[in-house]
Amino acid sequence: MLSSKANPFISDSKDSNYIREVVKICLEGRVSLVVAIFLSVTVFNLLDLIIPKALQLLVASLEGNRLAIFGFSLEEIITPGNRIYFFSFIIPLMALLKWVFGYVKGVLQAKLGQGALFVLRNKIYEHVQALSFSYHDQAHSGRFIANIIEDVNAVSDFFARPFFLAFMSVTGFICIYIYIFSLSWLAGLVSLLIILFSTSSLLLFIRYGYPIYLKARKSLEFMVGIFSENMEGHLLIRSFGRQKEERDKFFVAAKSYHDAMVQSRILWSLLNQSFLWGVMLGVPAVLAVGIHLYRNQPGFGADSIMALFVLQNALMLRMRVLSRIIDGWSKFTVSANRLGGLFNTRLFLPDVGNVKSLVDVQSISESSASCCLEVPAGEMSVTGVSFGYTGSSSALSDINITIGEGETVALVGETGSGKSTLAMLLCRFYDPVQGCITIGGVDIRNIPLRKLRREFALVFQDTFLFSATVRENIAYGNSGANNDDVVAAAVLAKAHDFILKLPEGYDTVIGERGMTLSGGQRQRLAIARAVLRHPRFLILDDATSSLDIQTEYEIQQSLDNLPHDITKIIIAHRYSSIENADKVFVLSDGKIVEMGAAGELRRKDSIMNRILLLEKEQSNGKE
């Protein structure tokens, strides 16, 4: 069942290096777009200052005062006869230009945000697919779903809005206060002190914002994990009548996420309202200073009061934006830290024949200099191999076997004896802790993974099929196969007859994971898919366990007719599945305890015979 324990490979602590790395990923190759956004933001801010100045000049004009900007007279441009026309034109024009640049800014920011979204989603997918099985053994899909939906959205939203709003707000604050202080240092000081006092709530947000958003992300991850797991296991849940317990568990996770989000909104609302309260309180305070100066300071006219009023109100927009920036930054740091932790997970199998940036180059063995670019011919040897999924346990210990070209070998053992683990090592889904596996005398760690795995085809007991047509599922491992090849593989796997009975035959779309088919039908499609790959090594991991004896016999006969150079490795619990094997290796507790031909080991006192009889008794008991 799903555990709420945090993923051990992804840190939940703040790490500025992770944040810098995510920023670099999102902005790489987008310098021109970033520059264009900065320019549009700068023009937008300047227009925000021109409008208050135009209103100030308008009021000065109505009072008959001298019109000037920074000491330069405008009397020749704005004469008494054209003032009404000038201001009637210039103010709407500035408002229109502000709207235009605001629109341009918004479009450019949206492009940057969506670009970041696109890049991050693809990087997550690529990175997760490249991670070794040892990572996926401990990870859960709930975290990946949360990463690819919520975390990337938080990062995208940050670049679409807060990232440049911060620049806009800071530069806007500086320009507005320069303007206010140029009108009156006293009004500027009063306004600044009130805003600084109102931002004291920012300390609460800094103290509690990050933990609350982190709790929300963890709760969401846990909730999504429960949902996805229950959707996959709905048959088991119903068969055991555990709907209420699972519903209650989901409710607890959803309630935790709900509470965290409510707390975050309360905290943000407190921050936002305190900011706005400071600005709104500053309006009467600044007007009071302006009126006082109007009465007592010569040269300070109504136009300056108008400018102070408009500028102080302009600060309200900046403060509202500032609260959004802080809120967005808190979400961004949580999400960037989680994504950065994922991207810095270095559990890769080193592909010595094709080193990529994802691979930790330091982990590549010195023998990579002699890498083999093709899978050589010859026997497969497993020499002194030991392996454990964790440091404290050993799944395999000192395994020594040899598999000749074209041989059929069987791996027999009780559940947990290490049969499937050995098969996974042969395909190099894991690397042994000790020892080596060679093909034709070449260590498989010196063969490019893509080349190596192209020579293998696997059929597992737990068959996975895609939500696609029957033809597409069979041809999945061989994109160049034609229809005749697909049909031939299906005939060999004894799947052709039932396929023709489907509504659309080979063009029938099967449900997700092939749940619209029976277990035996899914298994036969998986065998057809493996055979169509034309592998050198065919691994059948309990692949015929869900088939009846007659169908299993027919498939065994077909497999015997495969080209003689195909090496077949069969993991089975029925003697009928291994009776034609050239060699049988019997495992117990991760060790080879017996080996020989199938006929030789069928004697009553053999370990293989005891295991197969035990499995038969257990199977009969289940029936």
By ring pair (Phe, Tyr, Trp, His ring centres under 6.0 Å), which residues pair with Phe251, not counting sequence neighbours?
-> none
Partners of Tyr506 by ring pair (Phe, Tyr, Trp, His ring centres under 6.0 Å), sequence neighbours excluded?
-> His496
Search all heavy atoms of [X] against all heavy atoms of [Y] and return the closest pair with its distance.
X: Gln263; Y: Lys215; answer: NE2-NZ, 4.2 Å
X: Gln523; Y: Phe460; answer: OE1-O, 3.2 Å
X: Ala526; Y: Val459; answer: O-CG2, 3.6 Å
X: Ala260; Y: Ile212; answer: O-CG2, 3.4 Å
X: Leu458; Y: Ala530; answer: O-CB, 4.3 Å
X: Lys419; Y: Leu411; answer: CD-O, 3.6 Å

Name the orientation class of the two ring planes belonging to Phe332 and Phe158 (parallel below 30°, tilted from 30 to 60°, perpendicular beyond 60°).
-> parallel
Do the ring planes of Phe464 and Phe466 sit parallel (below 30°), tilted (30 to 60°) or perpendicular (above 60°)?
-> perpendicular
From [X] [atom1] over to [Y] [atom2], what is the distance, rounded to the nearest 0.5 angstrom?
X: Ile474; Y: Arg524; atom1: CD1; atom2: CZ; answer: 11.5 Å
X: Asn337; Y: Glu21; atom1: CG; atom2: CD; answer: 11.0 Å
X: Leu587; Y: Glu414; atom1: CG; atom2: CD; answer: 11.0 Å
X: Arg522; Y: Asn473; atom1: CZ; atom2: CG; answer: 11.5 Å
X: Leu426; Y: Ile539; atom1: CG; atom2: CD1; answer: 5.5 Å
X: Thr421; Y: Phe429; atom1: OG1; atom2: CZ; answer: 12.5 Å

Please check if atom [atom1] in [X] has more than 12 non-hydrogen atoms from other residues, nucleotides or ligands closer than 6.0 Å.
X: Lys98; atom1: NZ; answer: yes
X: Phe456; atom1: CZ; answer: yes
X: Tyr476; atom1: OH; answer: no
X: Phe309; atom1: CZ; answer: no

Could you tell me whether Glu246 and Lys249 make a salt bridge, using a distance below 4.0 angstrom between a side-chain N and a carboxylate O?
-> yes
Side chain of Ser40, backbone of Ile37: donor and acceptor closer than 3.5 Å?
-> yes
Could you tell me whether a side-chain N or O of Ser256 sits under 3.5 Å from a main-chain N or O of Val252, the two making a donor and an acceptor?
-> no
Under 3.5 Å side-chain donor-acceptor pair for Thr469 and Glu472 | yes
Do Ser191 and Tyr177 have a side chain donor and acceptor closer than 3.5 Å?
-> yes
So, do [X] and [Y] sit near enough that their side-chain heavy atoms are less than 4.5 Å apart?
X: Ile571; Y: Leu422; result: no
X: Cys26; Y: Val119; result: no
X: Leu502; Y: Leu517; result: yes
X: Leu525; Y: Ile499; result: yes
X: His258; Y: Ser219; result: no
X: Val31; Y: Leu27; result: no

Using the test salt bridge (charged side-chain N to carboxylate O under 4.0 Å, His left out), find all partners of Asp248 that sit at least two apart in sequence or belong to another chain.
-> Lys244
Chi angles and distances behind the side-chain contact (heavy atoms from CB on, under 4.5 Å) call for Leu287, Gln312 = CA-CA 9 Å; Leu287 284 179; Gln312 186 65 25; over 6 Å; no
